[in-house]
Amino acid sequence: MALIWLDGTWLDQSSAKISVLDHGVLYGDGVFEGIRAYGGKVFRLDEHLDRLWDSARAVRIEIPYAREEIAGAIRQGVTQSGLDDAYIRPIVTRGVGDLGIDPRKCPRATVIVIVDRIAIWPPERYQQGLTVVTAATPIPQRESLSPRVKSLNYLPHVLAKIEGNNAGADEVIMLDASGYVCEGSGQNIFVVKRGLIRTPPPYAGILVGVTRNAVIELAREAGHEVREEIINRYDVYTADEAFFTGTASEIAPIRSLDGRPVGAGKAGPITLDLLDRFHILVRR
Ligand code: PMP
């Protein structure tokens, strides 16, 4: 069962409740993170907290706790959960206000940390690869709500995921308004062609993933050239290998896009090698 830290108090799943007048509920007005712990040790906590604070700052929410307090709650939750491998979900909402949209009516942000487990796909997908389709729902325009903000406004990604479900696919890729490939419903994407590894750059309409950054480091350490470059569907269709990265997803091979096999139509050797290296890194 999930363990929840709600504004300083530890609660179980049935007793952790927030107000219906919280603007996180009324307007999706808030930000969050998704973090994993392996063997009881939190992976790249600093990077996740940096991103949480940047997301909050970008939408002008003041987090009413010191960074060390949130870090402490996360570490304590992992220990208390007794889970060897845990998934941690910190959430900061604008807080309780009235029915109007004005954030000035919300004097204090609500902070929640949920500690639980997560599994998005069955384990065999990590060998077989995922079937993926292109969603018609685009990534939000950069100057509307920056895709770099990990906000509680996930509806475009949810709509894309529904399209994938309707098509019977494991996952989707989302494009920007110009048709460039951005990311999955909750993952960054990489393509491999003749040994060269490419992934869209931070300005391309992506959430800059902590896993993405770790995989870039691992790939470079393994001697691969990695470029952060705009890609389109042609690059995925013609790739030797493609894979997703994300905290919940880890490294997930793509076996097909829009019914076309990617590479050999299964997890490729570079993808599997990076997956091995990733498993070693997170337990180091
Ligand atoms: N893009 C989106 C839209 C996401 O929700 C996530 C998951 N947080 C990612 C990419 C991957 O980011 P990370 O590796 O930090 O989990």
Side-chain angles (χ1 to χ4, degrees), residues 28 30-38 42-56 58-59 74 85-92 113-114 116-121 126 130 132 134-135 137-142 144-164 170-176 180-191 199-219 226 228 231 242-254 271 274-275 277-279 281-282:
V31 296
F32 73 104
E33 267 306 311
I35 310 174
R36 267 193 197 256
Y38 295 89
V42 184
F43 182 64
R44 305 224 159 159
L45 180 56
D46 268 335
E47 289 178 35
H48 284 288
L49 291 178
D50 282 347
R51 191 171 65 186
L52 181 66
W53 254 262
D54 284 346
S55 291
V59 300
I74 290 170
D85 293 348
Y87 180 79
I88 306 117
R89 168 62 56 85
I91 305 160
V92 181
V113 177
I114 306 173
D116 203 345
R117 297 172 203 271
I118 199 162
I120 312 190
W121 304 291
Y126 289 84
L130 304 169
V132 179
T134 306
T137 308
I139 287 284
Q141 209 264 333
R142 243 188 327 270
S144 164
L145 171 63
S146 171
R148 296 185 65 172
V149 177
K150 197 164 170 60
S151 82
L152 293 181
N153 285 253
Y154 255 55
L155 275 174
H157 293 75
V158 173
L159 295 179
K161 186 71 188 168
I162 290 171
E163 292 181 54
D170 296 313
E171 192 43 62
V172 290
I173 55 167
M174 297 179 70
L175 313 178
D176 68 10
Y180 291 113
V181 172
C182 295
E183 57 188 357
S185 68
Q187 310 69 23
N188 294 113
I189 186 167
F190 286 73
V191 292
T199 192
Y203 57 81
I206 62 165
L207 183 80
V208 182
V210 172
T211 322
R212 167 194 183 275
N213 293 347
V215 166
I216 292 174
E217 286 167 30
L218 286 175
V226 184
E228 296 179 61
I231 61 171
F243 57 88
F244 284 124
T245 64
T247 297
S249 315
E250 302 181 302
I251 299 178
I254 296 173
T271 308
L274 289 171
L275 187 55
R277 289 171 188 272
F278 183 73
H279 285 152
L281 172 71
V282 296

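Since the structure is predicted, the reported quantities are computational estimates derived from the model, not experimental observations. Sequential numbering from 1 along the given sequence is applied to the chain's residues. Note that ligands are numbered from 1 as they come in the structure, with each ligand's atoms numbered from 1 the same way.
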Report task. Return the residue, atom name and 0.1 Å-rounded distance of the protein heavy atom closest to atom 11 (C) of ligand 1. Result -> Asn188 OD1, 3.6 Å
Query raised in the report: With distance as the sole test, does Glu33 use its side chain to make a donor-acceptor pair with the main-chain N or O of Arg51 at under 3.5 Å?
Result: no
Query raised in the report: Any idea which part of His157 is under 4.0 Å from ligand 1, heavy-atom wise: side chain, backbone, both or neither?
Result: side chain
Query raised in the report: Do the ring planes of Phe278 and Tyr38 sit parallel (below 30°), tilted (30 to 60°) or perpendicular (above 60°)?
Result: perpendicular
**Report entry** Residue pair Arg36 / Thr247: nearest heavy atoms and the distance that separates them
**Finding:** NE-O, 2.6 Å
Report summary line: The side-chain hydrogen bond (donor to acceptor under 3.5 Å, both in side chains) partners of Asp170 (sequence neighbours excluded) come to Arg125, Thr131
Query raised in the report: Any idea which protein heavy atom is nearest atom 12 (O) of ligand 1, and the distance to it?
Result: Gly209 CA, 3.3 Å
Query raised in the report: Do Thr211 and Glu250 have side-chain N/O donor and acceptor atoms under 3.5 Å apart?
Result: no
Query raised in the report: Against heavy atoms of Gly246, which atoms of ligand 1 measure under 4.0 Å?
Result: 11 (C), 14 (O), 16 (O)
Query raised in the report: When rounded to the nearest 0.5 angstrom, what is the spacing between CZ in Phe43 and CG in Asp85?
Result: 12.5 Å
**Report entry** Glu228 vs Ile216 side-chain heavy atoms within contact, under 4.5 Å
**Finding:** yes
Report task. If the plane angle is over 60° it's perpendicular, under 30° parallel, otherwise tilted; pick one for Trp121 and Phe244. Result -> parallel
Query - N/O separation below 3.5 Å, Lys150 to ligand 1 - result: yes
Requested in this report: Would you check whether His48 has a nitrogen or oxygen atom less than 3.5 angstrom from a nitrogen or oxygen atom of ligand 1?
Outcome: no
**Report entry** Any N or O of Tyr154 closer than 3.5 Å to N or O of ligand 1
**Finding:** yes
Query raised in the report: Hey, which atoms in ligand 1 end up nearer than 4.0 Å to a heavy atom of Thr247?
Result: 13 (P), 14 (O), 15 (O), 16 (O)
Query - Closest approach of any protein heavy atom to atom 9 (C) of ligand 1, naming residue and atom - result: Gly186 O, 3.5 Å
**Report entry** Backbone N/O of Thr245 and side chain of Ser249: donor-acceptor pair under 3.5 Å
**Finding:** no
Query raised in the report: Nearest protein heavy-atom contact for atom 14 (O) of ligand 1: which residue, which atom, what distance?
Result: Thr211 OG1, 2.6 Å
Report summary line: of all protein heavy atoms, closest to atom 1 (N) of ligand 1 is Glu183 OE1, 2.8 Å
**Report entry** Close approach of Glu33 to ligand 1, heavy atoms, under 4.0 angstrom
**Finding:** no
Requested in this report: Using distance alone, decide if ligand 1 has a nitrogen or oxygen within less than 3.5 Å of any nitrogen or oxygen in Leu207.
Outcome: no
